Protein chains: 2
Amino acid sequence: MLSNACKYTIRSMLYLALYTDETKKIGVKKIAEDLDTPQPFLAKLLQQLTRSKLVSSTKGPNGGFFLSKKNKEKSVWDIIKSIDGTEKFSQCFLGLSKCDDENPCPVHSIVTPFKQRILEDFRDKTILQWAEEIKKSGTVLSLRDFDAFKE
Amino acid sequence: MLSNACKYTIRSMLYLALYTDETKKIGVKKIAEDLDTPQPFLAKLLQQLTRSKLVSSTKGPNGGFFLSKKNKEKSVWDIIKSIDGTEKFSQCFLGLSKCDDENPCPVHSIVTPFKQRILEDFRDKTILQWAEEIKKSGTVLSLRDFDAFKE
DNA sequence: TAAGTAAAAGATGTATTTGTCTTTTAATTA
DNA sequence: TAATTAAAAGACAAATACATCTTTTACTTA
Ligand code: FES
Ligand code: FES
C-alpha cells in the first residue's frame with residue numbers, strides 16, 4: 001500500500017510534530033537513528049518534503065528539520081501525495097483496471113470499508129491531531145528506545 | 001499489499017475455477033486476453049503455480065491450463081505463499097520492524113481488524129468456494145467482456 | 001572573517017519487480 | 001510418423017524502488 005519511502009516520511013513527520021517546533025530542531029542523523037531508517041535516504045525524502053513546504057529546515061549549527069505551526073496543520077494525505085501519489089488508494093485490490101461499486105471484484109466489499117476508514121484519518125486529521133492522539137494513546141513511531149531531547 | 005504478479009495469478013485461479021475442469025482447458029493466450037494481463041508474464045506465473053501443484057496443465061492441441069478437483073480445494077493463501085510470500089501480511093503498515101499489540105503504531109488498531117478479516121477469507125475459503133460465491137454475487141474478475149466458452 | 005556544522009543538490013549504484021523473447025519439450029492428430 | 005499445437009524453461013530487457021556518496025550552499029559562532 002505505502003512504499004518504504006512513504007512509511008519513513010510519515011513516521012518522520014509525526015516524530016517531528018511531537019518533538020520539534022520553531023525553537024527546537026533535529027538533524028537527519030538523529031531522526032534516522034531514532035526511527036531506524038536509512039539515513040541518506042531519509043535525508044533525500046525530507047528535502048523533498050521541504051520543497052513541498054511540508055517540513056521546515058535550517059542549515060548550520062543548531063540547524064535541522066522541524067515543523068512550524070503551519071506545517072502541523074497539514075495532513076498525512078499531503079505527505080502521501082508528495083511522496084507516493086494517491087493512485088494506489090483508488091486502485092482495485094485484485095488489479096482490475098478500475099475499482100468501483102458497479103463492477104466489484106470478489107474482495108471489493110471487504111476492502112472498500114477499510115480504505116474509506118483509513119482515508120478518512122489520512123485526509124481529515126492534521127499532523128498536530130495525530131501527534132496529540134499518539135501522546136494520549138501511547139502508540140509508537142519506533143521500536144527503538146530513544147529520547148528526543150537527549151544531546 | 002499484493003504484487004501485480006500475485007493479483008494476476010489470483011484472478012487467473014478464480015477464472016480457471018469458474019471455467020475449467022479436467023475436461024475443459026484454456027490456454028494462456030485466452031486467459032491473458034480475458035483478464036487483461038500481460039500474456040508472457042502470466043505464462044511464467046502459471047508455470048510457477050503448476051510447479052507448486054496449484055494448477056494443472058497439458059501440452060499440445062486442446063491442451064492448456066485447468067484446475068482439477070484437488071486444485072480447487074486450495075486457498076488463495078496458498079497462491080500468495082507461492083508467488084509473493086506472506087511476510088507483507090504480518091508487517092506494520094507504517095514500517096515498524098514488528099507489528100504487534102504490545103507496541104502498536106498509530107494506525108495499528110485500524111489496520112489489524114482489516115488484515116484479520118481478509119486473511120480469514122484468504123486462508124479458510126477454498127478456491128471452489130470463492131468460485132461459487134462469485135457466481136452467486138455477480139462480482140467480476142475482469143472489466144473486459146468475455147465468454148469463457150467461445151472458441 | 002575563518003572554521004565548523006548541517007541541509008541541498010546532484011550523480012551514481014544496487015536490487016527487485018515487471019515484462020519479453022527464444023528455444024525446447026510434450027501431447028495430439030492427421 | 002510428420003506436422004501442429006501449447007506449455008516449460010531459460011536468457012534477456014526495462015522500469016521502478018531503494019539507497020549511497022560527493023560536492024555545494026547557507027547558517028552560526030568563536
Ligand atoms: S473492484 Fe477490486 S477492490 Fe474494488
Ligand atoms: S504496529 Fe503498525 S500496523 Fe501494527
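Each chain gets a letter, A, B and so on, in the order its sequence line appears, and its residues count up from 1. Bear in mind that the values here come from a model prediction, so they are computed numbers and not experimental data.
Between the CD atom of B:Gln39 and the P atom of D:dA8 there is a distance of 13 Å, given to the nearest Å. Between the CG atom of A:Leu46 and the P atom of C:dA7 there is a distance of 9 Å, given to the nearest Å. One can place NZ of A:Lys25 at 12 Å from P of C:dA8, the figure rounded to the nearest angstrom. Distance CG (A:Leu2) to P (D:dC18): 11 Å, rounded to an integer number of Å. Rounding to whole angstrom units, NZ of residue B:Lys29 and C1' of C:dC21 are separated by 17 Å. Rounding to whole angstrom units, CE of residue A:Met1 and C1' of D:dA17 are separated by 17 Å. Distance A:Lys30 NZ to C:dT5 C1': 18 Å, rounded to the nearest Å. The interatomic distance linking A:Leu42 (CG) with D:dA17 (C1') rounds to 16 Å, in whole Å.
For residues 65-88 of chain B, proximity to DNA chain D is found at B:Phe65, defined as any non-hydrogen atom under 4.0 angstrom from a strand atom. Within residues 48-61 of chain B, the residues having any heavy atom under 4.0 Å from DNA chain C are, by residue number, B:Lys59, B:Gly60, B:Pro61.
Map B:Gly27 and A:Ser3 each onto its nearest nucleotide of DNA chain D; the residue landing nearer the 5' end is B:Gly27. Both A:Phe41 and B:Val28 sit near DNA chain D, but only B:Val28 has its closest nucleotide nearer the 5' end.
Close to D:dA19, at under 4.0 Å from its OP1 or OP2, lies a side-chain N or O of A:Tyr8. Residue B:Asn62 places no side-chain N or O under 4.0 Å from the OP1 or OP2 atom of D:dT4.
Using bins of under 30°, 30° to 60° and over 60° for the plane-to-plane angle, the ring pair A:Phe122/A:Phe89 lands in the perpendicular bin. Using cut-offs of 30° and 60° on the angle between ring planes, the pair A:Phe146 and A:Tyr15 is tilted.
Side chains of A:Leu42 and A:Ile31 form a contact here, defined as non-hydrogen atoms less than 4.5 Å apart. Residues B:Phe66 and B:Glu22 are in side-chain contact: their nearest non-hydrogen atoms beyond the backbone lie under 4.5 Å apart. The shortest side-chain heavy-atom distance between A:Met13 and A:Leu49 falls under the 4.5 Å cut-off. Between A:Phe93 and B:Met1 there is a side-chain heavy-atom pair separated by less than 4.5 Å.
B:Asp34 and B:Ser142 share no donor-acceptor pair across their side chains, judged by distance under 3.5 Å alone.
Using a 4.0 Å heavy-atom distance criterion, A:Lys44 is classed as a base contact. Among the atoms of the strands shown, only primed sugar atoms or phosphate atoms (P, OP1, OP2) are found under 4.0 Å from some heavy atom of A:Pro38.
Between A:Asp78 and A:Lys81, at least one side-chain N (NZ, or NE/NH1/NH2) sits under 4.0 Å from a carboxylate O, which counts as a salt bridge. A salt bridge links A:Lys125 to A:Glu133: one of the charged nitrogens lies within less than 4.0 Å of a carboxylate oxygen.
Sparse packing is recorded around NZ of B:Lys29, with 12 or fewer heavy atoms of other residues, nucleotides or ligands lying under 6.0 Å away.
Taking 3.5 Å as the limit, the base of D:dA7 and the side chain of B:Gln47 contain no donor-acceptor pair of atoms between them.
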